[in-house]
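Each chain gets a letter, A, B and so on, in the order the sequences are listed, and its residues count up from 1.
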Number of protein chains: 2
Amino acid sequence: MSGNVVASLSGGQGGAGTAETDLITYRFLAGRGRDRMSRAELVTLDSAMSRTRTVDPRTAIVRRGEYINVSTYLISGYICRYMDDREGHRQLVALHVPGDFVDLHAFPMKRLDHDVASLGPVEIGTYEHETLARIGTDSPHLTRMLWYSTLLDAAMHREWIFRLGRLGAVGRVAHFFCEIDARLAMVGLSEDHRFTLPLTQADLAEATGLTGVHVNRTLRRLREDGLMSFRHGAVEIADPVRLARLAEFDPDYLYGDPPAAQER
Amino acid sequence: MSGNVVASLSGGQGGAGTAETDLITYRFLAGRGRDRMSRAELVTLDSAMSRTRTVDPRTAIVRRGEYINVSTYLISGYICRYMDDREGHRQLVALHVPGDFVDLHAFPMKRLDHDVASLGPVEIGTYEHETLARIGTDSPHLTRMLWYSTLLDAAMHREWIFRLGRLGAVGRVAHFFCEIDARLAMVGLSEDHRFTLPLTQADLAEATGLTGVHVNRTLRRLREDGLMSFRHGAVEIADPVRLARLAEFDPDYLYGDPPAAQER
DNA sequence: CGGCTTGTTGACCTAATTCAACCACGGTGG
DNA sequence: CCACCGTGGTTGAATTAGGTCAACAAGCCG
């Protein structure tokens with residue numbers, strides 16, 4: 001149960017090199033006050049992972065109501081969380097990028113109030129709650145960092161509430177992409193405001209509380225205005241500044257490290 | 001002030017002799033798996049509170065961005081959390097009822113991404129983060145319960161996202177009141193689906209992502225359909241079952257104890 | 001009494017949904 | 001190789017939910 005298959009990505013741990021990329025969890029809280037974590041804590045976290053596995057695209061990972069005793073760390077790929085209404089209309093409530101804990105809240109809660117599924121192909125690592133409980137006893141500070149990471153999710157939830165409650169269609173779509181761009185940039189996956197995201201326009205509609213049709217029109221608008229484009233999962237933000245203004249996007253709520261002020 | 005004035009209301013639940021109402025924090029996690037907490041832990045929590053104070057209606061308690069080293073427990077009254085957009089339009093992101101920690105997330109986060117303010121007159125207790133850190137070291141399980149309480153907030157955030165993303169005006173307003181009713185019932189403050197809430201229609205609009213005018217029309221509709229009424233802060237849910245159906249409200253996400261299944 | 005805030009209602013306007021048709025593309029199987 | 005099909009994307013026309021603007025009523029308080 002060392003799960004370090006993936007770690008072979010770049011050698012074993014413990015070594016002196018201290019290139020942090022030698023850890024599976026090297027993206028955890030990257031760019032968001034992870035400096036508050038010691039190297040020892042990162043290593044603890046890394047070795048506490050029980051195993052890794054890959055998941056096919058569009059596959060359920062945790063189902064609503066299910067009682068679980070493991071939590072999932074997202075190594076690569078994208079995962080979403082969602083709730084369906086009575087008629088089967090879906091609302092995304094979160095989208096996760098590499099480095100995120102996807103359902104760490106299941107540790108204190110024991111069951112989830114929503115579904116979790118992969119978007120594209122995904123690689124995940126799992127943590128036994130038993131192990132997390134041990135960390136709770138042995139490493140109060142590391143525990144607080146885990147807690148913190150669930151609170152980042154809550155902060156993003158709040159921003160999604162704001163997005164849905166106060167923005168029109170263009171603003172919502174723009175805000176969505178601004179957030180993802182900023183988050184991917186923190187973990188080194190958005191280069192120059194370009195990245196790929198295995199979403200359809202219909203998915204985007206489920207995230208923004210709009211109709212597929214209207215998302216389509218909205219994207220055209222953004223494209224024609226030279227702000228950004230989204231085609232077959234490829235995102236290109238041409239004018240980050242104007243897009244952010246349109247979205248009323250202020251990355252404060254992502255609690256990024258100050259240097260990330262380039263995002264402004 | 002000991003706050004025990006309020007305790008004389010006598011919650012109703014709880015076991016035999018052990019009138020838990022002797023603690024200021026006696027409403028903490030009431031009806032939501034608090035049984036997972038020992039009496040000793042409750043006492044610890046209670047005595048860890050550094051001081052209590054009252055706050056006038058409509059008064060700021062924490063301001064966005066502010067770095068703080070205390071967290072707030074709501075003893076009596078109502079508190080809301082909100083974010084304003086560029087033009088000053090406000091979106092409520094949470095509403096707190098007695099027994100809630102209002103900004104416990106500030107403990108791991110150190111600063112808030114939103115504002116916190118009282119609605120009506122309020123009585124709060126404060127916890128030094130220093131003290132909470134000590135609890136983190138001494139009482140891993142109690143810490144997990146505190147973590148849990150912040151995750152309940154996150155679960156409610158998700159439901160608010162759903163509400164805004166997938167429901168129309170009537171559904172949103174209905175859902176809002178269903179949630180508050182259920183939560184108040186858990187802490188013994190909603191009797192027979194009646195309670196008071198110091199909100200104006202404009203506030204309600206800020207919570208549901210609607211216009212004041214439209215909230216007014218929506219309330220009229222709900223009233224005329226014999227579902228519920230809201231006048232001058234007095235809420236009366238006449239037909240909880242039909243209202244919940246209309247709201248697509250399923251209290252699962254509130255993680256109430258099974259016996260509270262009467263809510264269905 | 002006047003002056004505030006909150007609630008109420010009507011007339012009009014706009015953003016977004018709905019319904020529907022159609023296109024582009026990447027399989028897959030004959 | 002092409003015909004076929006399914007998915008995802010694109011566009012138009014009609015409809016509707018909700019927003020905006022504006023006036024007025026009901027309290028409440030100094």
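- Between the B:Ser118 side chain and the B:Arg58 main chain, a donor and an acceptor come within less than 3.5 Å of each other.
- Residues that satisfy the ring pair (Phe, Tyr, Trp, His ring centres under 6.0 Å) test with B:His96, not counting sequence neighbours, are absent from this structure.
- Rotation axes derived from the C1' atoms of the five outermost pairs at either end of the helix from C:dC1-D:dG30 to C:dG30-D:dC1 lie 30° apart, to the nearest 10°.
- Side-chain contact, B:Asp203 with B:Thr200: a donor N or O sits under 3.5 Å from an acceptor N or O.
- Proximity of a side-chain donor or acceptor of A:Gln91 to a complementary backbone N or O of B:Ile161 within less than 3.5 Å is not detected.
- The list of ring-ring contact (aromatic ring centres under 6.0 Å, His included) pairs with a residue in residues 161-185 of chain A, not counting sequence neighbours, reads A:His175-A:Phe249, A:Phe177-A:Phe230.
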Worksheet item: How does each nucleotide of nucleotides 9-22 of chain D score, in 5' to 3' order, for protein heavy atoms under 4.0 Å: base (B), sugar-phosphate only (S), or none (-)?
Response: SBBBB----BBBB-
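- Rounding to whole angstrom units, CG of residue B:Asp203 and C1' of C:dT5 are separated by 12 Å.
- B:His157 meets the ring pair (Phe, Tyr, Trp, His ring centres under 6.0 Å) test with no other residue; sequence neighbours excluded.
- The ring pair (Phe, Tyr, Trp, His ring centres under 6.0 Å) test applied to B:Phe28 returns B:Phe101, not counting sequence neighbours.
- Cation-pi geometry between B:Arg111 and A:Tyr255 is met: the NZ or CZ atom falls under 6.0 Å from the ring centre, inside 45° of the normal.
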